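Note sheet for the following structure.
Since we're looking at a predicted model, the values are computed, not measured.
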Amino acid sequence: MTEPPTAATRLAHAVREKHSIVCLGLDPRRESLPPAIAGTIDSDRPDVVAAAYTLFCKEILDVAAEKVACVKPQSAFFEALGPAGVVALGEVIAYAKNLGVEVIVDAKRNDIGSTATAYAQAYLGSASPFGGDWLTVSPYLGRDSIEPFVDACDRQSAGIFVLVKTSNPSGGMIQDRITDSTPVYRCVADALCQWNADRLNGLGYGPIGAVVGATYPDQLAELRSALPNAWILIPGFGAQGGGVDDVRPGVARDGLGAVVNSSRHLIFAHDRQPYREKYSAGQWQHAVADATDEMNSQLSTLLPPAP
C-alpha cells in the first residue's frame with residue numbers, strides 16, 4: 001500500500017504548483033468586514049455573525065485558493081463567537097480542503113500527556129474532526145508537550161509549526177533569554193532538528209516546522225541555517241511591517257522551506273488604497289485577488305522561475 005505524502009511534501013508541491021509562498025491568513029473581524037458581508041448580519045447573535053464569517057472566508061477562498069500555497073484560519077476569531085464560531089471554523093477548513101488547499105490551523109495549542117494527545121486528535125489529519133493539515137503549537141511546557149503532536153504527525157501525515165521566534169515586540173522576554181549561553185529560541189530550534197531527523201522526505205524536509213517572524217530578519221537568517229530541514233512559517237509581512245528583504249533569509253535556495261503569512265493586508269484589501277478607489281463595495285473580492293497577486297509578485301524574486 002502506498003504511503004500518503006507527508007505534510008512537508010504536500011506543502012512543497014503546493015508551493016511549486018501555485019508558484020507561491022503566500023500563506024493567506026483568515027482572520028475574520030466583524031468591524032472590518034466588507035459592506036456586502038456585514039450587511040448579512042441583522043442581529044448580534046453569535047450564530048448570525050458566525051454565518052457571516054463563514055461566507056466571508058468562503059468567498060475569499062473562491063478567488064484566492066489557486067493563488068496561494070496555503071491558508072491559515074486563526075481559531076481565536078472563530079472561538080470568540082462560542083460554539084457557533086467553532087462550527088464555522090470547521091466549515092471553513094472543510095471548504096478549503098475541498099478546494100485542495102493546504103490548511104494551517106492557527107490555534108497555538110499546548111499541554112502535556114493525554115490533554116496534548118486530545119488536542120492533536122482534534123485538529124491534525126484528514127481523519128480528525130477539524131481536518132487540519134498543520135497546527136501551530138507552543139513549546140513552553142517542554143518536550144512532553146510537543147511529542148504527542150509529533151506522534152500525531154506520524155500517524156496522520158500531518159505537520160506542526162512550533163513557535164520559535166515570534167513576530168510580536170515582547171516575544172524576546174522569554175525567547176531571547178540566555179540559558180547555558182544559548183537563547184531559549186535556539187534551544188527550541190535544536191529540539192525541532194532532533195524531531196525532524198528521522199522524518200525527512202525526499203526533498204530533505206520534515207513535518208516539524210517553526211514559526212519565525214519577519215520582524216526579526218537577523219534571527220530568521222540564523223534559524224534558516226540552524227533548521228535546514230524545517231519549513232518556516234513567517235508572520236509579520238505587510239500590515240506588521242515586514243517586507244521582501246525581511247523574509248528573504250527564511251527561504252531556502254530551492255525556493256522551498258518557507259511560507260509567508262499575510263492576513264488583514266489581503267483579506268481586508270477593499271479598505272485600503274489603491275483598491276478602495278479601484279473597486280466598488282460589491283467588488284471586494286477583486287481587491288482580495290489583486291492584493292494576493294501583488295504579494296505573489298513581490299515574493300516571486302525569492303522563487304525559481306515558473307516552469
Side-chain angles (χ1 to χ4, degrees), residues 11 14-15 17-41 48-81 84-107 130-134 136 233-240 259-276 278-299:
L11 193 53
V15 166
E17 183 181 61
K18 311 283 184 63
H19 197 64
S20 172
I21 56 172
V22 172
C23 173
L24 174 62
L26 298 173
D27 299 10
R29 309 175 193 212
R30 181 174 178 177
E31 67 276 10
S32 300
L33 294 174
I37 302 296
T40 67
I41 302 174
V48 173
V49 180
Y53 283 10
T54 302
L55 177 62
F56 176 59
C57 291
K58 285 182 176 181
E59 294 201 358
I60 289 170
L61 287 164
D62 286 341
V63 298
E66 293 302 316
K67 299 176 181 290
V68 300
C70 52
V71 297
K72 183 176 71 65
Q74 168 52 262
S75 67
F77 293 105
F78 295 91
E79 291 176 31
L81 299 176
V86 174
V87 171
L89 174 62
E91 291 176 353
V92 169
I93 292 171
Y95 195 80
K97 296 297 297 175
N98 285 337
L99 291 173
V101 184
E102 198 79 358
V103 177
I104 303 168
V105 183
D106 193 357
F130 282 101
D133 298 296
W134 300 76
T136 56
L233 170 60
I234 307 177
F237 188 90
Q240 287 183 264
V259 288
V260 181
N261 182 75
S262 184
S263 302
R264 58 187 183 272
H265 209 59
L266 300 183
I267 64 175
F268 302 129
H270 68 279
D271 200 33
R272 64 179 177 90
Q273 297 295 359
Y275 311 112
R276 186 188 296 128
K278 185 177 180 180
Y279 295 115
S280 68
Q283 295 176 309
W284 68 272
Q285 288 172 280
H286 295 291
V288 173
D290 280 6
T292 305
D293 287 339
E294 179 187 26
M295 184 171 171
N296 274 323
S297 178
Q298 291 172 336
L299 296 174

Nearest 0.5 Å please: distance from the CG atom of L233 over to the SG atom of C23.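 Here the rounded value is 5.5 Å.
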Nearest-0.5 Å distance that lies between atom CD1 in I234 and atom OG in S262: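 The OG atom of S262 is 12.5 Å from CD1 of I234, to the nearest 0.5 Å.
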With V63 via side-chain contact (heavy atoms from CB on, under 4.5 Å) - residues at least two apart: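 Listed in chain order: Q285, V288, A289.
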Taking all atoms of both residues into account, what is the closest heavy-atom pair of [X] and [Y], and its distance?
X	Y	value
A269	H265	CB-O, 3.8 Å
G25	I267	O-CG2, 3.4 Å
L89	S75	CD2-CB, 3.8 Å
N296	S20	OD1-OG, 2.7 Å

Could you please spell out the steps behind the side chain to side chain contact (heavy atoms under 4.5 Å, CB included) verdict for L266 and V22? CA-CA 11 Å; L266 300 183; V22 172; 4.2 Å; yes
Report, one line per pair, each donor and acceptor closer than 3.5 Å where one atom sits in a side chain of residues 32-40; sequence neighbours left out.
| unit_1 | atom_1 | unit_2 | atom_2 | d |
| --- | --- | --- | --- | --- |
| T40 | OG1 | I37 | O | 2.6 |

Would you find a donor on one side and an acceptor on the other, under 3.5 Å apart, between the side chain of K18 and the backbone of A69?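 Between the backbone of A69 and the side chain of K18 there is no qualifying donor-acceptor contact (under 3.5 Å).
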Determine yes or no for a side-chain-to-main-chain donor-acceptor pair under 3.5 angstrom, with S263 supplying the side chain and L26 the backbone. no
Within a strict 4.5 Å, meaning less than it, do heavy atoms of the [X] and [Y] side chains meet?
X	Y	result
R264	R29	yes
Q273	Y275	no
K278	Q283	no

Salt bridge (Lys or Arg N to Asp or Glu O under 4.0 Å) partners for K67, two or more places apart: D293
Going by the rule salt bridge (Lys or Arg N to Asp or Glu O under 4.0 Å), which residues pair with D271 if we only count those two or more places apart in sequence or in a different chain?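 If we apply the salt bridge (Lys or Arg N to Asp or Glu O under 4.0 Å) test to D271, skipping adjacent residues, the hits are R276.
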Side-chain polar contacts of residues 49-61 - donor-acceptor pairs under 3.5 angstrom, sequence neighbours left out - could you list them?
| unit_1 | atom_1 | unit_2 | atom_2 | d |
| --- | --- | --- | --- | --- |
| Y53 | OH | R30 | N | 3.1 |
| T54 | OG1 | A50 | O | 3.0 |

Can you check side chain to side chain contact (heavy atoms under 4.5 Å, CB included) on V86 and F130, steps first, answer last? CA-CA 10 Å; V86 174; F130 282 101; 3.6 Å; yes
Between H286 and Y279, what is the ring plane arrangement, given parallel below 30°, perpendicular above 60°, and tilted in between?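 Taking Y279 first and then H286, their aromatic rings lie parallel (interplane angle under 30°).
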If a pair satisfies salt bridge (Lys or Arg N to Asp or Glu O under 4.0 Å) and one of its residues is in residues 96-107, list it, with sequence neighbours excluded. R10-E102, K72-D106, K97-D133, D106-K108
